[in-house]
Asks: 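One structure coming up, written as structure tokens, with questions to follow.
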Amino acid sequence: MATRTRPSSKRCAVLGGSGFLGRHLVERLVDRGYTVNVFDIRQAYELPGVPFHQGDLCDRQALLVALKEVSIVFHCASPAPANDDRALFQRVNIDGTRTVIQACHEAGVQKLILTSSASVVFEGTDIKNGREDLPYAKKPIDYYTETKIQQEKLVLEACSKEKGFLTVAIRPHGIFGPRDPQLVPILIDTARRGKMKFIIGDGSNLVDFTYVENVVHGHILAAEQLKADSPLCGQAYHITNDEPVRFWDFMSQILEGLGYSAPRYHLPYTLVYGIALLLWLIALVLRPLIRINPTFSPMRVALAGTHHYYSCARAKKDMGYQPLVPLREAIVRTVESYPHLRKGA
Ligand SMILES: NC(=O)C1=CN([C@@H]2O[C@H](COP(=O)(O)OP(=O)(O)OC[C@H]3O[C@@H](n4cnc5c(N)ncnc54)[C@H](OP(=O)(O)O)[C@@H]3O)[C@@H](O)[C@H]2O)C=CC1
Ligand SMILES: CC(C)=CCC[C@@H](C)[C@H]1CC[C@H]2C3=C(CC[C@]12C)[C@@]1(C)CCC(=O)C[C@@H]1CC3
């Protein structure tokens, strides 16, 4: 039988490394002296000394090339949540993750760190200081959440000390920061279309928004502390800024920071949720004829109008996690990074 050379513990691959979180992770890993292979369906940038492997993670052969002599794999590839294509989520998040696990086994990878999501326990109703022992959502609010649940289960169940293959899942919430293609751009686009005048509900709902560098920090800590004798094996960890904030205050700070007015008028939550549900059903019925993606999906209304914040006590205890960048500083850095979205630009 051919002997496999033991890969260096600082050799890793980032699946989804062209994406928002993936690219920040790649940059920080390189700063910390890791050798990094990037694997993604598209190449978004070039970084000296960082080989890029373009491919679909459902393609085992393509993955195997990127995983050669790698000891740690970070899996942060996923279709965007706004997508409503059930088959795509199933193929990438479930079948693709099975392929990733299989390829890790074949390539002799020792650790797999999955970017899951705190939304795996969110059903559209309030979660206050939720811990990791909350049950998975029984009625996931969209296909993204449904497949993130299956994906997390697959990765955590694959953890095997006997096989020398250790896994952990990081569950961030509301990631934001420079180059994020979703949160700030969606918000500003909504404001520019004159639709950011209303607060859904009474505006007091608390939510976690997590600065991207803190999420990266959580991933690297997890990778470095994941050992056969550590409590991290096969566990999920919430990673947040640990500073829940009113959803509408956070949105207002970003809007005002970029020169737009904050929303002022209130609309009842149940009314807006009901309308969003109706529009979603209409879009579903019309799908064979026309594809509509309403701004106000039931998921978005639920995210904007309920409490959903999570305890990261487990990450603090097991891996010594503390957010590196406080929320106030994170908002300033984020606003400064979007000069092109400033009002009048
Ligand atoms: N952003 C957030 O607030 C949160 C994100 N997460 C999780 O974090 C991870 C990263 O999210 P984020 O950086 O925001 O997302 P991005 O969409 O920016 O990054 C994901 C990357 O994966 C790529 N990708 C998609 N499908 C495949 C595939 N089949 N094979 C290879 N690459 C693929 C995407 O390419 P393309 O763009 O072409 O699709 C993209 O480059 C995801 O797993 C997400 O579920 C969890 C909680 C919150
Ligand atoms: C906390 C968390 C999980 C945030 C994830 C990011 C997005 C889901 C949000 C970023 C911008 C938000 C937004 C809305 C919903 C949630 C977001 C898309 C609205 C569509 C909610 C209804 C409105 O009045 C307009 C909002 C625009 C911004």
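Start at 1 with the first residue, then count along the sequence. One-based numbering, in listed order, for ligands and for the atoms of each. Note that the structure is predicted; figures quoted are calculated from it, not measured.
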Asks: Before signing off on this row, confirm whether Phe20 and ligand 1 have an N or O atom pair separated by under 3.5 Å.
Replies: yes
Asks: So, 4.0 Å and heavy atoms of Pro172: is ligand 1 close enough to count as a contact?
Replies: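 For ligand 1, residue contact (heavy atoms, under 4.0 Å) with Pro172 is present.
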Asks: Please verify whether a non-hydrogen atom of Ser116 lies at under 4.0 Å from ligand 1.
Replies: yes
Asks: Between Ser204 and Asp202, is any side-chain donor less than 3.5 angstrom from a side-chain acceptor?
Replies: yes
Asks: What pairs meet the salt bridge (charged side-chain N to carboxylate O under 4.0 Å, His left out) rule with one or both residues in residues 216-227, with sequence neighbours excluded?
Replies: Arg32-Glu224
Asks: Side chains of Asp318 and Tyr237: donor-acceptor distance under 3.5 Å anywhere?
Replies: yes
Asks: His173 to ligand 1: N or O pair under 3.5 Å?
Replies: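 The answer is no, given that His173 and ligand 1 share no N or O pair closer than 3.5 Å.
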Asks: Tell me whether Pro181 has any N or O atom under 3.5 angstrom from an N or O of ligand 1.
Replies: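 Such a contact does not occur with ligand 1.
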Asks: So for ligand 1, is Gly22 a polar contact partner (N or O within less than 3.5 Å, distance only)?
Replies: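 No, Gly22 has no N/O under 3.5 Å of an N/O on ligand 1.
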Asks: Tell me which one of Gly177, Ala77, Ala82, Pro81 gets a heavy atom nearest to atom 24 (N) of ligand 1.
Replies: Ala77
Asks: Under 3.5 Å between any N/O of Asp56 and any N/O of ligand 1: does that happen in this structure?
Replies: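 Looking only at distances, the answer is yes, because the N/O contact criterion of under 3.5 Å is met.
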Asks: Between Val14, Val100, Ile175, which one has a non-hydrogen atom sitting closest to atom 3 (O) of ligand 1?
Replies: Ile175
Asks: Does Arg23 make a cation-pi contact with Tyr45 (under 6.0 Å, within 45 degrees of the axis)?
Replies: yes
Asks: So for atom CZ, which belongs to Arg328, do other residues, nucleotides or ligands contribute more than 12 heavy atoms lying within a distance under 6.0 Å?
Replies: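 It does not: Arg328 CZ has 12 such atoms or fewer within range.
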Asks: Say you draw a straight line from NE2 of His24 to CD of Glu27; how long is it, rounded to the nearest 0.5 Å?
Replies: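 Going from NE2 on His24 over to CD on Glu27, the span is 6.5 Å.
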Asks: Run the contact test for Gly55 against ligand 1 with a 4.0 Å cut-off on heavy atoms, strictly below, and give the result.
Replies: yes
Asks: Any N or O on Tyr144 sitting closer than 3.5 Å to an N or O of ligand 1?
Replies: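 There is such a contact, yes.
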Asks: Using a strict cut-off of 4.0 Å, indicate which atoms of ligand 1 neighbour a heavy atom of Val92.
Replies: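 In order of number, 26 (N), 29 (N).
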Asks: Does a donor on one side chain sit under 3.5 Å from an acceptor on the other, for Asp249 and Ser252?
Replies: no
Asks: Is it true that Cys76 lies under 4.0 Å from ligand 1, counting heavy atoms only?
Replies: yes
Asks: Using distance alone, decide if ligand 1 has a nitrogen or oxygen within less than 3.5 Å of any nitrogen or oxygen in Arg42.
Replies: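 For ligand 1, there is an N or O atom that lies under 3.5 Å from one belonging to Arg42.
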Asks: Is it the case that the side chains of Thr97 and Gln151 hold a donor-acceptor pair, with the cut-off being a distance below 3.5 Å and no angle test?
Replies: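 Yes, because at least one side-chain N or O of Gln151 sits under 3.5 Å from a partner of the opposite role on Thr97.
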Asks: As an exercise, identify every atom of ligand 1 less than 4.0 angstrom from a heavy atom of Gly16.
Replies: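 Going through ligand 1 atom by atom, the ones under 4.0 Å from Gly16 are 21 (C), 22 (O).
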Asks: Given the rule in the ring pair (Phe, Tyr, Trp, His ring centres under 6.0 Å) test, do His238 and His173 qualify, once you have shown the distances and angles that lead to the verdict?
Replies: CA-CA 8 Å; His238 292 150; His173 194 55; 8.8 Å; no
Asks: Considering the heavy atoms of Lys148, write down every atom of ligand 1 situated less than 4.0 Å from one of them.
Replies: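 Heavy-atom distances to Lys148 below 4.0 Å select 42 (C), 43 (O), 44 (C), 45 (O).
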Asks: Does Tyr34 have Lys10 sitting over its ring (NZ/CZ under 6.0 Å from centre, angle to axis within 45°)?
Replies: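 Judged by the rule (NZ or CZ under 6.0 Å from the ring centre, within 45° of its axis), Lys10 counts as positioned above Tyr34.
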